[in-house]
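A note on names: the letters A, B, ... follow the listed sequences, proteins ahead of strands, and every chain is numbered from 1.
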There are 2 protein chains.
Amino acid sequence: MLFFGYRDFISEPDRILADRGLGRAHHRVIYFVGRYPGATVSSLLSILQITKQSLSRVLSQLVEEGYIVQRQGASDRRQRLLTLTEKGRALEEQLTETQRQRLARAYRQAGAEAVEGFRKVMLGIMSDDEDRSRFGATKRRP
Amino acid sequence: MLFFGYRDFISEPDRILADRGLGRAHHRVIYFVGRYPGATVSSLLSILQITKQSLSRVLSQLVEEGYIVQRQGASDRRQRLLTLTEKGRALEEQLTETQRQRLARAYRQAGAEAVEGFRKVMLGIMSDDEDRSRFGATKRRP
DNA sequence: AATTTATGTCAGCCATGTTGACTTATATGC
DNA sequence: GCATATAAGTCAACATGGCTGACATAAATT
């Protein structure tokens, strides 16, 4: 179910991205920068769990093409705080909208109770409390 | 949640496969051949939605290395019916076991009701009735 | 002043997806 | 029975997005 669900969930965004010469790796970066404005490069690395070389490839493209801006950190000037531009925000919304609709449909059909169950099970599948905590979950019993 | 859940769900199998020089594409083939013994190549293509060139690469390796056997179809001799060997079955079980435990833990923590909700929402996320029907789901209301 | 940390970069490798063109064997339809 | 369609396989080339290793720079920390 996860295989089919995940595949179908990203299929629409994939098509939209392909039209712009972007891939799903770009989507992830846009998504998380949108969700955490001012995120640092290393925070993205720890969320995505990829190498900085992999991130660099997609991030530099997003900066070059004007989806994301980097500004120097105030307290730590080594950091590059990442934020979506207007263009980036627009794309993020376009991508999210297709997924939002898909989720809304699933939610409508399944009901609020099912949604709560879905959240619980997904949290249980995750390996780390670190991942779970992004969703406001309490620590898992061992 | 799907991103984190899916990533964590396949991380253990990925490690086990890597030790044998296999990847997650091999896992998919092994999984579906295990689930549908005697599956044809084209049935796999339609499940996985990849090109036969992509499938061929992993499938031939699995056959060469003795995880899967092909036999000619009885009614249609053009078909190659795919089945796991003992070795293939053993690997399939090893891979599935780690995921089964992860699911069991999630289920234990979330409860049977949550599991039903999880299933409902996952089915609602899927695009096609074709995908949904693999899980014994009834047709979705439009 | 020395070390650590945050970020970036070059170069190359691997897995897994793609398209396009073509072959072989077998089944099926007229 | 012949023409066509289908199941499967193959060669070649390319794209995406992971990876490792090595090294550089600037700024923070000790």
Side-chain angles (χ1 to χ4, degrees), chain A residues 3 6-7 10-11 13-33 38-65 68-82, chain B residues 3 6-8 10-11 13-33 38-65 68-83:
Chain A
F3 169 69
Y6 187 70
R7 184 183 65 185
I10 62 179
S11 62
D14 271 1
R15 273 190 288 274
I16 295 169
L17 290 156
D19 288 343
R20 304 191 181 221
L22 304 174
R24 69 184 61 162
H26 301 89
H27 188 185
R28 288 176 193 146
V29 173
I30 285 177
Y31 175 82
F32 284 110
V33 172
T40 64
V41 169
S42 48
S43 74
L44 277 185
L45 290 178
S46 97
I47 289 172
L48 298 172
Q49 287 175 210
I50 57 177
T51 58
K52 63 179 172 175
Q53 294 90 328
S54 294
L55 176 58
S56 166
R57 203 158 31 195
V58 291
L59 182 54
S60 353
Q61 195 186 341
L62 290 171
V63 171
E64 269 166 31
E65 298 181 8
I68 287 180
V69 283
Q70 300 175 307
R71 63 173 202 282
Q72 216 169 36
S75 59
D76 186 338
R77 288 182 307 162
R78 289 171 306 180
Q79 294 177 335
R80 305 298 166 88
L81 309 184
L82 306 170
Chain B
F3 169 69
Y6 187 70
R7 183 182 65 186
D8 290 351
I10 62 179
S11 62
D14 271 0
R15 274 191 287 274
I16 295 169
L17 290 155
D19 289 343
R20 304 191 181 220
L22 303 175
R24 71 185 59 163
H26 302 90
H27 187 185
R28 289 177 192 145
V29 173
I30 285 177
Y31 174 81
F32 284 110
V33 171
T40 62
V41 169
S42 47
S43 74
L44 278 186
L45 291 178
S46 96
I47 289 172
L48 297 172
Q49 287 176 210
I50 57 176
T51 59
K52 62 178 171 177
Q53 295 91 327
S54 292
L55 176 58
S56 167
R57 201 156 34 196
V58 292
L59 182 54
S60 355
Q61 194 186 344
L62 290 171
V63 171
E64 270 166 30
E65 299 180 7
I68 286 181
V69 283
Q70 301 174 308
R71 61 173 203 284
Q72 215 168 38
S75 60
D76 186 336
R77 289 183 305 165
R78 290 171 305 180
Q79 295 177 335
R80 305 299 165 88
L81 308 183
L82 307 169
T83 325

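Residues A:Ser43 and A:Ser46 bring no donor and acceptor atom of their side chains to less than 3.5 Å of each other. Checking A:Thr40 against A:Arg80 by side-chain atom types alone, no donor-acceptor pair falls below 3.5 Å.
Taking side-chain N and O atoms only, B:Arg28 has a distance below 4.0 Å to OP1 or OP2 of C:dG17. Distances shorter than 4.0 Å separate some side-chain N or O of A:Ser54 from OP1 or OP2 on D:dC19. Here A:Ser42 reaches the OP1 or OP2 of C:dT7: one of its side-chain N or O atoms lies under 4.0 Å away.
In the set D:dT20, C:dT7, C:dT19, D:dT20 carries the atom at the smallest distance from any side-chain atom of A:Thr51. Relative to the side chain of B:Arg80, the nucleotides C:dT18, D:dT20, D:dA8 differ in distance, and D:dA8 lies closest. If you check C:dT18, C:dT9, D:dG18 against the side chain of A:Ser56, the one that comes closest is C:dT9.
Rounded to whole Å, atom C1' of D:dG9 lies 17 Å from atom CD of B:Gln61. Whole-Å rounding puts the A:Gln49 CD to D:dG18 C1' distance at 13 Å. One can place CG of A:Leu62 at 13 Å from P of D:dT16, the figure rounded to the nearest angstrom. Atom CD in B:Gln79 sits roughly 10 Å away from atom P in C:dT28 (whole-Å rounding). Taking atom CG on A:Leu81 and atom P on C:dG8, their separation rounds to 11 Å, with Å as the unit. To the nearest angstrom, C1' of C:dA11 lies 12 Å from CZ of A:Arg57. Per the geometry, CZ belonging to B:Arg15 stands 16 Å off C1' belonging to D:dG18, to the nearest Å. One atom, NZ of A:Lys52, and another, P of C:dA11, lie 16 Å apart when rounded to the nearest Å.
With a 4.5 Å cut-off on side-chain heavy atoms, B:Gln70 and B:Val63 count as touching. Residues A:Arg7 and B:Gln49 are in side-chain contact: their nearest non-hydrogen atoms beyond the backbone lie under 4.5 Å apart.
Note that CG of A:Leu82 and CZ of A:Phe32 are 13.5 Å apart. Values are rounded to the nearest 0.5 Å. Considering OH of B:Tyr6 and CZ of A:Phe3, their distance stands at 6.0 Å, rounded to 0.5 Å. Atom NE2 of residue A:His26 and atom CG of residue A:Leu62 lie 5.0 Å apart, to the nearest 0.5 angstrom. In this structure, B:Ser56 OG and B:Leu45 CG are separated by 10.0 Å, a value rounded to the nearest 0.5 Å.
Under 3.5 Å, the side chain of B:Gln70 and the base of D:dG9 form no donor-acceptor pair of N or O atoms. Side-chain to base pairing of B:Arg24 with D:dG18: no donor and acceptor N or O lie closer than 3.5 Å to each other. In terms of polar N and O atoms assigned as donor or acceptor, the side chain of A:Gln53 never comes within less than 3.5 Å of the base of C:dG12 in a complementary pairing.
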Pairs: protein N or O with nucleotides 26-30 of chain D N or O, under 3.5 Å:
unit_1 : atom_1 : unit_2  : atom_2 : d
D:dA28 : OP1    : A:Arg77 : N      : 3.2

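Here A:Thr40 lies in heavy-atom contact (under 4.0 Å) with sugar-phosphate atoms only.
With DNA chain D read from its 5' end, the first of the two nearest nucleotides for A:His26 and B:Leu59 is the one closest to B:Leu59.
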